[in-house]
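Predicted model only: the values in this text are computed from it and were never measured. Position 1 is the first residue of the sequence, and the numbers go up from there.
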Amino acid sequence: MSRVRTGPVLGLTAQTVLLAGLAATVGLDVAGWLAGLGYGVVTCVALQRGLRRRGVDRLGPADRVTLARGVLVGGVTALVVTGFSGPTPLSVLVPVTAVALALDAVDGWVARRTGTASALGARFDMEVDAFLILVLSVQVTPVVGPWVLAIGGLRYAFVVAGWLLPWMRGTLPPRFWRKVVAATQGVLLLVVAADVLARPVTAVLAAVALALLVESFGHDVGWLWWHRSTRPAQATVPTPVAALPVPAVAALPSVASVRPRVDTITDRSFVAHQPV
């Protein structure tokens with residue numbers, strides 16, 4: 001029988017409570033409710049599957065911080081979708097988003113302090129970041145223009161490209177500039193979403209964010225292309241077990257994380273480019 005992990009369920013419960021609070025204070029329409037609840041359900045199911053696949057029963061300390069940030073992102077999603085049919089309550093959207101962005105630094109710090117960094121935590125962190133940037137891109141589209149959706153969509157386009165092009169699934173080396181660009185996206189989009197600056201200035205900020213992201217993606221795509229494997233696979237001849245060499249640990253290639261959250265990630269699906 002499949003075991004239910006309480007962490008994801010508690011996250012879904014907290015998501016529902018937050019949505020109810022937003023509905024009672026600033027108001028949510030049906031679409032906003034459905035978007036927020038849908039996000040919460042998908043997050044709950046994905047975390048349940050991730051925990052089950054890795055044979056663990058509970059979230060780590062850093063994962064709980066990420067889950068709290070994910071709940072806030074669900075609230076932001078509901079507010080943005082509700083804004084399709086009326087004015088978005090920026091007085092609530094901006095501070096909730098700011099807290100969610102600030103917690104992005106907290107979960108990594110907790111993971112390092114407690115020694116609980118994991119591939120699942122890194123993936124969870126990555127997906128929450130990416131979705132928040134996508135939602136913020138949708139929010140600022142009426143202010144800047146539809147081209148700003150590229151900021152939120154580039155990461156997902158990169159993932160799709162990896163499905164179609166095997167060489168795009170290579171392991172990227174660590175790059176500090178990638179982390180700087182990732183942090184910049186959320187900050188700049190939040191400033192644009194706050195709508196406190198002149199429209200030409202907000203357009204420039206969004207353009208800067210997109211330019212930095214394109215440079216970061218372009219650098220990584222170029223690196224993957226340059227280091228793609230071009231040698232055809234050779235047939236292997238069975239070798240006696242006793243004759244197999246035992247490689248030294250120091251000679252094994254390390255898989256560096258593109259997030260500060262984890263030092264080493266062995267799950268290949270977690271090392272794709274993470275712009276946010």
What pair of heavy atoms forms the shortest contact from Trp147 to Ala203, and how long is it? CH2-O, 3.9 Å
Does any non-hydrogen side-chain atom of Thr202 lie less than 4.5 Å from one of Val140? no
Can you find a heavy atom in the side chain of Leu189 that is under 4.5 Å from one in the side chain of Val148? yes
Given the rule that I, L, V, M, F, W and Y join up when any side-chain heavy atoms are under 4.5 Å apart, are Leu34 and Leu18 in one cluster? no
With sequence neighbours excluded, residues passing ring-ring contact (aromatic ring centres under 6.0 Å, His included) with Trp225: Trp167
Between Gln15 (side chain only) and Leu37 (backbone N and O only), is there a donor and an acceptor less than 3.5 Å apart? no
Note: Ala62 and Thr116 closest approach over all heavy atoms is N-OG1, 4.4 Å
Does Asp63 come within less than 4.0 Å of Arg58, counting only side-chain N to carboxylate O? no
Measure across Leu79 and Pro89 and return the closest heavy-atom pair with its distance rounded to 0.1 Å. CD2-CG, 3.8 Å
Same cluster or not: Phe124 versus Val41, using hydrophobic residues (I, L, V, M, F, W, Y) connected whenever any side-chain heavy atoms lie under 4.5 Å apart? no
Please find the pair of heavy atoms, one from Gly162 and one from Met168, that lie closest to each other, and give the distance. CA-CB, 3.8 Å
Please table the atom pairs, donor to acceptor, closer than 3.5 Å between any side-chain atom in residues 22-29 and protein atoms at least two apart or in another chain.
| unit_1 | atom_1 | unit_2 | atom_2 | d |
| --- | --- | --- | --- | --- |
| Thr25 | OG1 | Gly21 | O | 2.8 |
| Thr25 | OG1 | Leu22 | O | 3.3 |
| Asp29 | OD1 | Ala31 | N | 3.3 |
| Asp29 | OD1 | Gly32 | N | 2.7 |
| Asp29 | OD1 | Thr82 | OG1 | 3.3 |
| Asp29 | OD2 | Ser85 | OG | 2.8 |

Measure the spacing between OG1 of Thr6 and CD of Gln48 and express it to the nearest 0.5 Å. 8.5 Å
State yes or no: do Leu10 and Val110 share one hydrophobic cluster built from I, L, V, M, F, W and Y residues joined by side-chain heavy-atom distances below 4.5 Å, directly or via other members? no
Given the rule in the side chain to side chain contact (heavy atoms under 4.5 Å, CB included) test, do Val192 and Leu188 qualify, once you have shown the distances and angles that lead to the verdict? CA-CA 6 Å; Val192 175; Leu188 291 181; 5.5 Å; no
Smallest heavy-atom separation, Ala194 atom then Leu90 atom, equals O-CD1, 3.8 Å
Atom CZ in Arg49, atom CZ in Arg54: separation rounded to 0.5 Å? 10.5 Å
Between the CZ atom in Arg69 and the CG atom in Asp125, the distance rounded to the nearest 0.5 Å is 4.5 Å
Tell me, do Arg155 and Phe217 make a side-chain contact under 4.5 Å, heavy atoms counted? yes
Give, for atom OG1 of Thr77 and atom CG of Leu19, the distance between the pair rounded to the nearest 0.5 Å. 9.5 Å
Gly40 and Leu12: which non-hydrogen atoms are nearest, and at how many Å? C-CD1, 3.5 Å
Considering only heavy atoms from C-beta outward, does the side chain of Leu72 approach that of Val76 to under 4.5 Å? no
Looking at Gly70, is its backbone amide N or carbonyl O close enough to the side chain of Tyr39 to form a donor-acceptor pair, meaning the two atoms are under 3.5 Å apart? yes
Please table the atom pairs, donor to acceptor, closer than 3.5 Å between any side-chain atom in residues 131-139 and protein atoms at least two apart or in another chain.
| unit_1 | atom_1 | unit_2 | atom_2 | d |
| --- | --- | --- | --- | --- |
| Ser137 | OG | Ile133 | O | 2.8 |
| Ser137 | OG | Gly152 | N | 3.1 |

Mind checking whether Thr43 and Val73 have side chains closer than 4.5 Å, heavy atoms only? no
Can Leu101 be reached from Trp109 by stepping across I, L, V, M, F, W or Y side chains whose heavy atoms are under 4.5 Å apart? yes
So do Leu51 and Leu59 actually touch side chain to side chain, heavy atoms under 4.5 Å? yes
Pairwise distance CH2(Trp177) to NE2(His219) - rounded to 0.5 angstrom: 11.5 Å
Gap separating the CZ atom of Arg178 from the CG atom of Leu212, nearest 0.5 angstrom: 14.0 Å
For Thr66 and Asp107, run side chain to side chain donor-acceptor pair (under 3.5 Å): C-alpha distance rounded to whole Å, both residues' side-chain angles, the deciding distance at 0.1 Å, then the answer. CA-CA 6 Å; Thr66 307; Asp107 55 10; 2.9 Å; yes
Hydrophobic clusters here meaning ILVMFWY residues chained together by side-chain heavy-atom distances under 4.5 Å, can you tell me if Val144 and Val201 are in one? yes
Is any side-chain heavy atom of Arg175 less than 4.5 Å from a side-chain heavy atom of Ser216? yes
